[in-house]
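Right, one structure below, let's go through it.
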Amino acid sequence: MSLRLYNTLTRSKEAFEPLDPNNVRMYVCGPTVYDYAHIGNARPAIVFDVLFRLLRHIYGPEHVTYVRNITDIDDKINARALELRGERNVDVLEVVRELTERTYAVYQQDVAALGNLPPTFMPRATEHVPQMIAMIRTLIDAGLAYEAEGHVLFDVAKKADYGKLSRRPLDEMIAGARVDVAPYKREAMDFVLWKPSDSTTPGWESPWGRGRPGWHIECSSMIEAAMGETIDIHGGGIDLVFPHHENEIAQSEGAHHGHPLARFWMHNGFLNVEGEKMSKSLGNFVTIHELLEDWPGDVLRFNMLRAHYRQPMDWTLAGMKESWATLERWYDVAEAVSAPRIGEGLLAALSDDLNTPLAIAELHKASLQELGGGLMLLGFNPMSERLASKKAVNKVEIARAIEARNAARKAKNFKESDRIRDELLAQGIQLKDGPEGTTWEVKR
RNA sequence: GGCCACGUGGCGGAGUGGUGACGCAGCGGUCUGCAAAACCGUUUACCCCGGUUCAAUUCCGGGCGUGGCCUCCA
């Protein structure tokens, strides 16, 4: 089964062949840890986890390296920390540390609840500052970066093919720039590699004074540290194409004699919520954390995979309900599967640029064994109790009520049996009479 | 303003130059004391206007709509 992936670099689907089948390398831009991750952040986590699992299936679990970083140096973090400190007499740097630690821990918990495997490595920016400084020095030595007023900037004009990922000619971008250009920049599009820090901002000693790295350099450095100069796949949200990924390319290629950073660039589409774009002002900012309070992680995962990863997607309550119903039906039958196997239809769908909606359609047509195997390949666990409602239900009491109702039915006292059924339904317990007796489920 | 993506039935959502995926809902049926569930069957579509073609939902051009990027962003 040959794997084909859409490559943003060429804007077309290409056959995927890793540089080294014994070490397939993938990097995905992870979260900036200053606030709860929202449901849009869950999309790349889930989508690239499916790709990770598919690659492990094809090349063997020990032959795939998946790196997802944690951005814990960032001005949004610093701003939030200042807010959190308020008037209190505590060290802001300490607040920064607490904030990132806490947010990081919640993120880990949340993505795990969504059924994602832990990546092979989860490097943190704060642990790679020396590597970033080294890369910046290399860029300065190569004549691709310059120092100005305590900043170090990438000299975009020196990189002839700058803009090749986003396909934006440099002169066009300069003409369309809508922001005031910092006076120390040679060109409007030059971006920061290093900037100075004051006493309320985390900083590290460097040849350019105490400061901190710009955003883009961390990914370039961590990729190099974990996987070398050229990797197979680099992923992230489509909004990262410009400027983040464009700048990563400029830095890494600049520091590596022009060797490509990644051979395949993959980008997931955006998410709307109930037809509207998610924003704090609209008040429809949905975090993964709060969704997980009401919904099983598997349901959120399934709902995400019902749309192709490159398509724009609308996240809705109706969709989640439908996802839950489908998954519940499947789990009922698939938990009994003794010999799961991967169906060809499913594998073909996933191999065609991760066509998960088609893969799900294949599961609807699949045998029981293929259903079980397919669910597991996609990261679902039919054996788990994750679909059970979080609401506390008294199983013993329900069983007793069912017994009483069946006794009433036997005596043809239907008034009483219907009363018991309605009473349970009022508590959200839906009874189902089947050939093998009466079962129940929590109705939503 | 510049660049880019998307627009499929009541809903979700694949796909294709010619035989109307798949799921949900609806409808009909089996089952049931009645329901629910389950199972069987089944109706409904390709934003608009041109062009290319024997044939377009699928290719090309224009329009409209939605969203993204150009500044932090999954």
Side-chain angles (χ1 to χ4, degrees), chain A residues 8 11 28-32 34-35 37-48 71 74-77 79 163 166-169 171-181 188-189 191 215 235-244 246 267-272 275-279 288 302-303 305-316 318-326 328-330 332-333 345 349 352 355-366 408-415 417-418 421-422 424-425 429-436 438-441 443:
Chain A
T8 306
R11 309 283 155 111
V28 174
C29 289
T32 301
Y34 73 106
D35 203 349
H38 56 71
I39 189 63
N41 296 304
R43 197 171 192 187
I46 292 170
V47 160
F48 291 106
T71 298
D74 184 276
D75 286 350
K76 289 194 293 293
I77 296 174
S166 54
R167 303 201 172 180
R168 285 161 205 255
D171 48 355
E172 212 171 72
M173 285 191 276
I174 293 167
R178 297 187 313 193
V179 267
D180 294 336
V181 178
M189 298 316 295
F191 57 91
W215 173 37
I238 192 154
D239 56 319
L240 295 181
V241 172
F242 190 89
H244 185 51
E246 198 71 72
H267 296 96
N268 62 273
F270 252 56
L271 202 63
N272 279 173
E276 284 186 312
K277 76 179 282 189
M278 197 167 24
S279 74
I288 303 171
F302 186 76
N303 197 238
L305 295 179
R306 292 202 311 156
H308 182 86
Y309 77 93
R310 282 192 283 120
Q311 290 295 98
M313 145 166 223
D314 193 16
W315 188 269
T316 64
M320 284 190 284
K321 284 181 178 173
E322 196 178 321
S323 293
W324 194 335
T326 302
E328 203 158 57
R329 198 172 332 118
W330 278 350
D332 278 347
V333 295
D352 183 13
N355 193 336
T356 53
L358 187 58
I360 288 167
E362 291 293 335
L363 287 184
H364 280 292
K365 298 185 243 177
R409 290 171 72 203
K410 211 164 178 184
K412 298 213 188 296
N413 184 355
F414 297 124
K415 201 176 163 191
S417 66
D418 286 356
R421 184 173 66 198
D422 291 345
L424 285 173
L425 192 59
I429 307 297
Q430 173 75 61
L431 296 186
K432 299 190 286 189
D433 294 329
E436 259 117 77
T438 303
T439 58
W440 58 271
E441 67 183 21
K443 198 178 174 70

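Residue numbers start from 1 in every chain, and the chains themselves are labelled A, B, ... in the order their sequence lines are given, proteins ahead of strands.
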**OP:** May I ask you to verify whether the side chain of A/Arg421 and the base of B/A36 hold a donor-acceptor pair under 3.5 Å?
**Re:**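 Flag unset: no donor-acceptor pair detected.
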
Original post:
Is there a donor and acceptor pair, one atom on the side chain of A/Asn355 and one on the base of B/G15, closer than 3.5 Å?
Top reply: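 No pair found.
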
Base-pairing assignment for [N] (Watson-Crick or G-U wobble, both under 3.5 Å):
N     : result
B/A14 : none
B/G1  : B/C70
B/U30 : B/A38
B/U19 : none
B/C64 : B/G7

Looking at [atom1] of [X] and [atom2] of [Y], how far apart are the two atoms once the value is rounded to the nearest 0.5 Å?
X        : Y        : atom1 : atom2 : answer
A/Gln311 : A/Arg306 : CD    : CZ    : 14.5 Å
A/Asn41  : A/Arg43  : CG    : CZ    : 12.5 Å
A/Thr438 : A/Asp433 : OG1   : CG    : 4.0 Å

Write down the atom of [X], the atom of [Y], and the distance for their closest heavy-atom approach.
X        : Y        : value
A/Phe48  : A/Gly235 : CZ-CA, 3.6 Å
A/Ala307 : A/Thr356 : O-OG1, 3.5 Å
A/Met320 : A/Asn303 : N-ND2, 3.6 Å
A/Glu246 : A/Gly163 : OE2-N, 3.1 Å
A/Pro44  : A/Asn268 : CB-OD1, 3.3 Å

Got a list of protein N/O to nucleotides 38-42 of chain B N/O distances below 3.5 Å?
residue : atom : partner  : partner atom : Å
B/A38   : OP1  : A/Arg329 : NE           : 3.3

**OP:** Verify the contact: side-chain N or O of A/Asn272 to OP1 or OP2 of B/U66, cut-off strictly under 4.0 Å; return yes or no.
**Re:**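 Checking B/U66 against A/Asn272, no side-chain N or O comes under 4.0 Å of OP1 or OP2.
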
**OP:** Verify, without hydrogens or angle tests, whether A/Ser417 (side chain) and A/Arg409 (backbone) share a donor-acceptor contact under 3.5 angstrom.
**Re:** no

Original post:
In the 5'-to-3' direction, what one-character label does each nucleotide of nucleotides 4-12 of chain B receive under the scheme B = base within less than 4.0 Å of a protein heavy atom, S = sugar-phosphate only, - = no such atom?
Top reply: --S-----S

Subject >> Along RNA chain B (nearest heavy atom to each residue), the more 5'-positioned of A/Ala307 and A/Phe414 >> reply: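 By nearest-heavy-atom nucleotide position, the 5'-most residue is A/Ala307.
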
Subject >> Closest-nucleotide ordering on RNA chain B, the 5'-leading residue of A/Asp433 and A/Phe270 >> reply: A/Asp433

Original post:
Separation of A/Leu431 atom CG from B/U32 atom P, in whole Å?
Top reply: 18 Å

